[in-house]
Asks: 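Dropping the structure in here first, questions after.
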Amino acid sequence: MFKTPCTRLSGLVGGSVSQKLLGSASINYQTARSLIHLYRKEPSNWITYQQLHFLKRQYVTKGSSELHQRAVPKLTPAIPVVDERDDNVVQRVQHVPGIDPLHSADIVPQPDNVTSGEAALPVISNVPPSAERTLLRTGSEVETAEETPHLHVETDEAREARLDRQWKELKVDVSELPGVYARLAKSRLTALVVVTAAAGFAMAPVPFDPGMFFLSCLGTGLASCSANSINQYFEVPFDSNMNRTKNRPLVRGQISPLHAVSFALACGVPGVALLTLAVNPLTGFLGALNIFLYTCCYTPLKRLSIVNTWVGAVVGAIPPVMGWTAATGSLDPAGLLLGAFLYSWQFPHFNALSWNLREDYSRGGYRMMSVTHPDMCRRVALRHSVALAGLSCLGPAAGLTTWTFPLVSLPINLYISYLALRFYHRADRGSARKLFFCSLWHLPMLLLLALTCKKPAKEQGGADLPSANPVPS
């Protein structure tokens, strides 16, 4: 065979390439074996696609003094398969009715023009249908028997419980609205606010005006109803977790949130307008400020900081000052002293109340002193209980009462201080409960004593103070 230069060059190149491949085959084989050995020895050191796909659910494990991140494998949901041969499966099959034996009366004579093939089939008439039968398959047994259907009778209690669990359209019963509005406005708290405002009006050293007294109490009550309604509107998801507040109207769904906000506006706007236009602008400003502090400051702070207790004490101290300004039209030190009485009284009252509701407040997510700072809770209650006695001594100095007031109020102030001291040392539910119930009668008793020891108007600087809205002569 004749060889050309091209064939010689091709053979030379092919020979060199084959020699190089045969020489590197052993190296490649050793490299492959080392990689396989490394994978079998420590497979967790290899980077996989699941490790790079970090957006999926992952967990961290520690092995061989190193942290390796692996994806949690998804569990495929198991699809239940019902086996027809299972003994627990009962299959209801309609049984084909059988054919009763033929009688001579049931055979209809055939006409003459019937063919031989058709004559072989007798015509049957008036065959009564057989009763319905059920085929029960249990294992390998097949049994035909008549079965009466099983009827489940639902009791009234079970039906009501089932209906309560279902979503249903909210229907408001008109006959229940007065009670719903009373709970939405926190009627007892609103009554306490109105009483303190009335005490501030009565303590003012001006001639008593029944019309102005009624308007100021009405406006203060409407403002309180508005603030309490908005407070409940904001706290629906948290009130549902507390035993103390789970029966409120919005939590139970007795009215809609829009209905509650409408009620708050229907109370707040006329209340502030009444205080501003019919009483005086200063009292109207204090009413609007109280609504703002209660709804926009105190309510959100309950879940953020224990400062909410001090902000709430300021909110409770404003109503007696509103009564004072409604009567006098000005803000005097004596009116501020009335607010100071309410400010200090609220700490033993509320701290003792919240001590026995710590579990509820913790469940609702509220940051109260009794939950986060229990020592401070008892210490602040004791401090302000003692402060009530000191404030009583400032009454004559501010021109609010006579010097008999510190003496006649000393026994009740000492008693609440004694209960606060016992609550501070024992820190139990019993001492907290006694301090709370003492605060319920201590405040009205203190205001009543201050009213009986009120300094006459002629002693307020030698002349009668003008009223907020003097009647022209």
Asks: Ring centroid separation for Trp355 and Phe436, is it under 6.0 angstrom?
Replies: no

Asks: Would you please indicate yes or no on a ring centroid separation below 6.0 angstrom for Trp310 and Tyr343?
Replies: no

Asks: Of all heavy-atom pairs between Ala381 and Ala420, which one has the smallest distance, and what is that distance?
Replies: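 So the two residues come closest at O-CB, 4.1 Å.
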
Asks: To the nearest 0.5 angstrom, please state how far the CG atom of Leu400 sits from the CG atom of Leu391.
Replies: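 One finds 11.0 Å between CG of Leu400 and CG of Leu391.
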
Asks: Give a yes or no answer on whether the side chain of Asn356 reaches the backbone of Leu353 with a donor-acceptor pair at less than 3.5 Å.
Replies: no

Asks: Does the Arg303 side chain pair with the main chain of Gly364, one donor and one acceptor, at a distance under 3.5 Å?
Replies: yes

Asks: Check the orientation of Tyr181 and Phe263. Use parallel for under 30°, tilted for 30 to 60°, and perpendicular for over 60°.
Replies: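 Answer is parallel, since the angle falls under 30°.
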
Asks: Could you tell me whether the side chain of Tyr366 reaches within less than 4.5 Å of the side chain of Val371, counting heavy atoms only?
Replies: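 They are not in contact (no side-chain heavy atoms under 4.5 Å apart), so the answer is no.
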
Asks: Quick check for you: to the nearest 0.5 Å, what is the distance between Met322 atom CE and Leu338 atom CG?
Replies: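 Here the rounded value is 14.0 Å.
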
Asks: State, to 0.1 Å, how close Gln232 and Ala185 come at their nearest heavy-atom pair, and which atoms those are.
Replies: NE2-N, 4.5 Å

Asks: If only atom types and distance count, is the side chain of Ser370 paired as donor or acceptor with the main-chain N or O of Arg358 below 3.5 Å?
Replies: no

Asks: Under 4.5 Å between any side-chain heavy atoms of Met368 and Asn308, yes or no?
Replies: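 Counting from C-beta outward, Met368 and Asn308 do come under 4.5 Å.
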
Asks: Given side chains that start at C-beta, do those of Leu218 and Val194 come closer than 4.5 Å, heavy atoms only?
Replies: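 Leu218 does not reach Val194 side chain to side chain.
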
Asks: Can Ser354 and Asn351 be counted as having a side-chain donor-acceptor contact under 3.5 angstrom?
Replies: no

Asks: Locate the shortest heavy-atom distance separating Leu446 from Ser392; write the atom from each residue and the value.
Replies: CD1-OG, 4.1 Å

Asks: In Å, rounded to the nearest 0.5 Å, how long is the span from CG of Leu357 to OG of Ser362?
Replies: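 One gets 12.0 Å once the value is rounded to the nearest 0.5 Å.
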
Asks: Considering only heavy atoms from C-beta outward, does the side chain of Thr402 approach that of Lys454 to under 4.5 Å?
Replies: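 Sidechains of Lys454 and Thr402: no contact.
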
Asks: So, for Thr401 and Met203, which heavy atoms are closest and what is the spacing to 0.1 Å?
Replies: CG2-CE, 4.1 Å

Asks: Is it true that the side chains of Arg248 and Gln254 contain a donor and an acceptor less than 3.5 Å apart?
Replies: no

Asks: With distance as the sole criterion, is a donor-acceptor pair present between the side chains of Asn241 and Lys246 under 3.5 Å?
Replies: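 Side chains of Asn241 and Lys246: no pair found under 3.5 Å.
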
Asks: Looking only at atom types and distance, does a side-chain atom of Ser305 sit under 3.5 Å from a main-chain N or O of Leu301, one as donor and one as acceptor?
Replies: no

Asks: Can you confirm whether Leu388 sits close enough to His442 that some side-chain heavy atom of one is under 4.5 Å from a side-chain heavy atom of the other?
Replies: yes

Asks: Heavy-atom count around Phe238 CZ within 6.0 Å, excluding the residue itself: above 12?
Replies: yes

Asks: Please tell me if the side chains of Arg244 and Asp360 come closer than 4.5 Å, counting only heavy atoms from C-beta onward.
Replies: yes

Asks: Is there side-chain contact between Cys267 and Ser229, with heavy atoms separated by less than 4.5 Å?
Replies: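 Contact flag for Cys267/Ser229 side chains = no.
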
Asks: Decide yes or no for Leu184 and Ile255: does some side-chain heavy atom of the first lie under 4.5 Å from some side-chain heavy atom of the second?
Replies: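 They are in contact (side-chain heavy atoms under 4.5 Å apart), so the answer is yes.
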
Asks: Any side-chain donor paired with an acceptor under 3.5 Å for Thr325 and Thr283?
Replies: yes

Asks: What is the minimum heavy-atom distance between Leu449 and Val408, and which atoms define it?
Replies: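 Between these two residues, the closest heavy atoms are CD1-O, 3.7 Å.
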
Asks: Which value, rounded to the nearest 0.5 Å, describes the distance between Thr299 atom OG1 and Leu304 atom CG?
Replies: 11.0 Å

Asks: Kindly give the heavy-atom pair with the smallest separation between Ala317 and Gln346, and that separation in Å.
Replies: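 Shortest heavy-atom separation between Ala317 and Gln346 comes out as N-NE2, 3.7 Å.
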
Asks: Going by distance alone, is a donor N or O of one side chain under 3.5 Å from an acceptor N or O of the other, for Asn231 and Thr295?
Replies: no

Asks: I need the Cys438 SG to Tyr418 OH distance, nearest 0.5 Å.
Replies: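 The OH atom of Tyr418 is 11.5 Å from SG of Cys438, to the nearest 0.5 Å.
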
Asks: Check the pair Leu440 / His349 against side chain to side chain contact (heavy atoms under 4.5 Å, CB included), numbers first and verdict last.
Replies: CA-CA 8 Å; Leu440 293 179; His349 170 78; 3.6 Å; yes

Asks: Quick check on Phe208: does its CZ atom have over 12 non-hydrogen neighbours (other residues, nucleotides or ligands) under 6.0 Å away?
Replies: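 Enclosed: over 12 neighbouring heavy atoms sit under 6.0 Å from CZ of Phe208.
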
Asks: Cation over ring, Arg379 on Tyr424, under 6.0 Å and within 45°?
Replies: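 Not flagged: Arg379 not positioned over aromatic ring of Tyr424.
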
Asks: Quick check for you: to the nearest 0.5 Å, what is the distance between Met445 atom CE and Ser409 atom OG?
Replies: 11.5 Å

